[in-house]
Amino acid sequence: MADTGNSTIRVFLDSPRILGHPENRIVATGATATFTVLAIGAPNPAYQWQKDGEIISSATAYSHIITNVQQADVGAYSVLVSNEMGGIVSNTATLTITASTSGTNTGTTAPPPTGDDTDKGGGGGGGAPGLLYLVALTILAALRRLRTA
């Protein structure tokens, strides 16, 4: 297409791609579990989380937070990332509850559970975004500047 001096509008469309899949979570009953996906696409993708293949109607953000985890929350979680160019489903991540101790109280305190959200740097309560997410956003911003130049 020849440019006759008119302003040219360029629209770049890109199907969604997942850069970081949700990871398995092991938490204690009553704790908070967070699943997060890192995805890119143009236009920006939409998110729809699923548990055991069933849509979670209120879960439409890049992360899915489950507070006060109970046995009913245990299962396999994935997310559909989509835009007008297509969609892709993430790998499945499982939510597991740590085994609790039973029997009589011996007066000792059990050690805290390991493998929960606090060792992943992404936080279990919503805090600041993880480093990988920030790096991906920086790369996206740089690519968009290059495309408009």
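Just so it is clear, the values below take in all heavy atoms, side chains as well, and ignore hydrogens, waters and symmetry mates.
- Checked against side-chain contact (heavy atoms from CB on, under 4.5 Å), A46 has the following partners two or more places apart in sequence or in another chain: S82.
- Residue pairs meeting the side chain to side chain donor-acceptor pair (under 3.5 Å) criterion with at least one partner in residues 43-52, sequence neighbours excluded, are N44-R144.
- Scored by the side-chain contact (heavy atoms from CB on, under 4.5 Å) test, E54 finds no partners at all (sequence neighbours excluded).
- Closest approach of S63 to T34, counting heavy atoms only: CB-CG2, 4.2 Å.
- Of all non-hydrogen atoms in I97 and A28, the two that sit nearest each other are CG2-C, 4.4 Å.
- Judged as a side chain to side chain donor-acceptor pair (under 3.5 Å), the pairs with a partner in residues 65-78 (not counting sequence neighbours) are, in order, N68-Q70.
- Nearest heavy atoms, V81 versus A39: CG1-CB, 3.6 Å.
- Qualifying side-chain contact (heavy atoms from CB on, under 4.5 Å) partners for A61, counting only residues two or more places apart in sequence or in other chains: none.
- The two residues N83 and P43 have their closest heavy-atom pair at ND2-O, 2.8 Å.
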Side-chain donor/acceptor pairs under 3.5 Å, residues 85-95, sequence neighbours excluded:
{"residue": "S90", "atom": "OG", "partner": "V79", "partner atom": "N", "Å": "3.0"}
{"residue": "T94", "atom": "OG1", "partner": "N24", "partner atom": "OD1", "Å": "3.3"}

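- The two residues A31 and V27 have their closest heavy-atom pair at CB-CB, 4.0 Å.
- Contact check for T36 versus Y62: side-chain heavy atoms found under the 4.5 Å cut-off.
- Taking CG of L80 as the reference point, atom OG1 of T60 lies at 12.0 Å (rounded to 0.5 Å).
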